[in-house]
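Worksheet: the structure to be examined is printed underneath.
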Amino acid sequence: MAKKKELTRKIYNKKTVDKVDNRIKLLGVYNKMNAITFLNIRLFTSIIVFVISVYIFDFGYVIAPLLTISYYYFIYYIMIENKIKKRSSKLEAEAMYFFEVLTLSLETGRNLSEALQITIKSVNSEISDEFKEALREVKFGKSLSEALIDINDKMPSVPINNIILTLTQTDLFGNSIIDNMYNQIEYLREKKKMEVKAAISKVPIKVSIISVLFFVPLILLIILAPVLLTYIT
């Protein structure tokens with residue numbers, strides 16, 4: 001194990017490992033991959049892409065470096081950044097209901113820890129599982145504030161991070177956060193509406209592009225077909 005770590009340090013510098021590790025944390029509680037695993041996969045598959053490209057293409061030594069560099073960045077986007085983006089949207093959709101239940105639990109006079117316990121038992125979602133893992137760590141000696149900070153490091157969404165920061169301050173200082181929580185939930189709801197409107201507004205543009213690429217050439221072919229047949233015959 002020590003030799004393996006030493007070899008890893010020689011291949012990848014600490015800054016690169018830390019950067020990838022921080023991004024991988026944003027994949028959340030379900031993720032089983034670590035930074036070294038990803039870096040090894042990217043390195044070895046990039047070598048394979050280079051070797052295959054050299055043998056397949058006539059100008060392999062020219063094409064192979066370009067393909068390998070493209071693949072090198074593409075695999076990072078597909079395996080990490082794209083998943084983070086999708087997870088952010090999913091968590092924000094789940095967060096509205098989760099934090100509504102949490103706020104209602106706090107309104108009954110329960111403290112934050114008790115309210116979280118009730119919420120994770122009532123809500124089945126990925127964000128609920130993140131808090132469940134945090135409370136499990138609290139049982140093993142972490143403070144609730146430390147566990148909440150750890151969740152913050154795993155959240156790719158700024159609005160959710162803001163809510164967790166509010167919860168952390170509540171645990172530390174005992175502030176009342178009911179109104180603040182409802183404001184944050186309303187912000188998430190409005191953000192979701194804006195995203196839906198933006199997606200709808202892009203539909204005419206996509207339809208126009210499809211029309212230009214497929215329907216216009218087809219119509220031209222139908223119109224010009226008699227003329228073309230006349231010349232052919």
Side-chain angles (χ1 to χ4, degrees), residues 17-35 80-200:
V17 175
D18 289 344
K19 180 182 176 182
V20 174
D21 188 54
N22 289 334
R23 298 305 292 171
I24 286 178
K25 280 182 181 178
L26 298 178
L27 296 177
V29 69
Y30 298 153
N31 176 60
K32 303 302 179 184
M33 180 175 61
N34 58 44
I80 297 180
E81 293 301 330
N82 188 49
K83 289 182 179 180
I84 290 173
K85 185 177 179 181
K86 289 180 178 179
R87 182 170 185 260
S88 177
S89 298
K90 180 185 177 185
L91 289 175
E92 287 181 5
E94 295 175 349
M96 287 182 284
Y97 180 59
F98 180 86
F99 289 118
E100 280 178 347
V101 174
L102 177 61
T103 305
L104 289 171
S105 299
L106 289 170
E107 281 186 323
T108 61
R110 292 178 173 86
N111 62 36
L112 181 57
S113 181
E114 292 170 342
L116 283 170
Q117 289 282 3
I118 292 171
T119 305
I120 63 176
K121 288 178 182 177
S122 305
V123 181
N124 183 23
S125 64
E126 184 174 347
I127 193 167
S128 180
D129 288 341
E130 289 287 357
F131 279 91
K132 188 183 297 183
E133 177 64 20
L135 292 180
R136 188 185 70 82
E137 291 176 352
V138 170
K139 290 180 180 178
F140 286 96
K142 270 190 179 180
S143 69
L144 181 58
S145 298
E146 290 173 335
L148 290 172
I149 291 170
D150 285 345
I151 293 180
N152 230 7
D153 292 337
K154 299 175 185 176
M155 287 293 161
S157 167
V158 173
I160 295 177
N161 283 336
N162 290 337
I163 295 175
I164 295 172
L165 180 61
T166 301
L167 295 176
T168 306
Q169 292 174 343
T170 299
D171 183 60
L172 289 172
F173 307 113
N175 302 331
S176 177
I177 57 163
I178 304 300
D179 292 337
N180 193 353
M181 289 290 289
Y182 278 124
N183 290 335
Q184 299 276 13
I185 293 166
E186 186 61 29
Y187 174 78
L188 281 171
R189 188 174 287 110
E190 289 299 318
K191 185 174 182 290
K192 187 65 178 178
K193 287 180 183 177
M194 294 299 293
E195 288 174 355
V196 172
K197 288 179 180 178
I200 293 171

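Atom set for the values below is all heavy atoms of this structure, side chains included, hydrogens, waters and symmetry mates excluded.
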Could you go through the side-chain contact (heavy atoms from CB on, under 4.5 Å) check for Leu144 and Leu135 one step at a time? CA-CA 7 Å; Leu144 181 58; Leu135 292 180; 3.9 Å; yes
Would you indicate whether the side-chain heavy atoms of [Y] and [X] approach each other to under 4.5 Å?
{"X": "Val29", "Y": "Lys132", "answer": "no"}
{"X": "Leu102", "Y": "Phe131", "answer": "no"}
{"X": "Leu148", "Y": "Leu112", "answer": "yes"}
{"X": "Pro156", "Y": "Leu91", "answer": "yes"}
{"X": "Glu126", "Y": "Arg87", "answer": "yes"}

Atom pair [atom1]/[atom2] of [X] and [Y] - distance to nearest 0.5 Å:
{"X": "Asn34", "Y": "Leu27", "atom1": "CG", "atom2": "CG", "value": "11.5 Å"}
{"X": "Ile163", "Y": "Asn180", "atom1": "CD1", "atom2": "CG", "value": "8.5 Å"}
{"X": "Ile149", "Y": "Asn161", "atom1": "CD1", "atom2": "CG", "value": "12.0 Å"}
{"X": "Asn111", "Y": "Leu106", "atom1": "CG", "atom2": "CG", "value": "8.5 Å"}
{"X": "Glu92", "Y": "Lys191", "atom1": "CD", "atom2": "NZ", "value": "3.5 Å"}
{"X": "Ser122", "Y": "Leu104", "atom1": "OG", "atom2": "CG", "value": "10.5 Å"}

With sequence neighbours excluded, residues passing salt bridge (charged side-chain N to carboxylate O under 4.0 Å, His left out) with Glu81: Arg23
Side chain to side chain contact (heavy atoms under 4.5 Å, CB included), paired with Ile80, selected from Ile24, Asn31, Leu26: Ile24
Residues in ring-ring contact (aromatic ring centres under 6.0 Å, His included) contact with Phe99, at least two apart in sequence or another chain: none
Any idea which heavy atoms bring [X] and [Y] closest together, and the distance?
{"X": "Ser157", "Y": "Ser88", "answer": "CB-OG, 3.8 Å"}
{"X": "Tyr187", "Y": "Pro159", "answer": "CE2-CG, 3.6 Å"}
{"X": "Thr166", "Y": "Ile177", "answer": "CG2-CG2, 3.5 Å"}
{"X": "Lys192", "Y": "Ala93", "answer": "NZ-CB, 4.5 Å"}

Output, in order, the C-alpha distance, side-chain angles, deciding distance and verdict of side-chain hydrogen bond (donor to acceptor under 3.5 Å, both in side chains) for Tyr30 and Asp129. CA-CA 9 Å; Tyr30 298 153; Asp129 288 341; 2.3 Å; yes
Is it true that a side-chain atom of Glu146 and a backbone atom of Ser143 form a donor plus acceptor pair closer than 3.5 Å? yes
Closer than 3.5 angstrom, by distance alone: can the side chain of Thr168 be matched with the main-chain N or O of Ile164 as a donor-acceptor pair? yes
Between Glu114 and Lys121, is the salt bridge (charged side-chain N to carboxylate O under 4.0 Å, His left out) condition met? List the steps. CA-CA 11 Å; Glu114 292 170 342; Lys121 288 178 182 177; over 6 Å; no
Test: side chain to side chain donor-acceptor pair (under 3.5 Å). Region: residues 93-108. Which pairs qualify, not counting sequence neighbours? Glu100-Arg189, Glu107-Tyr182, Thr108-Arg110
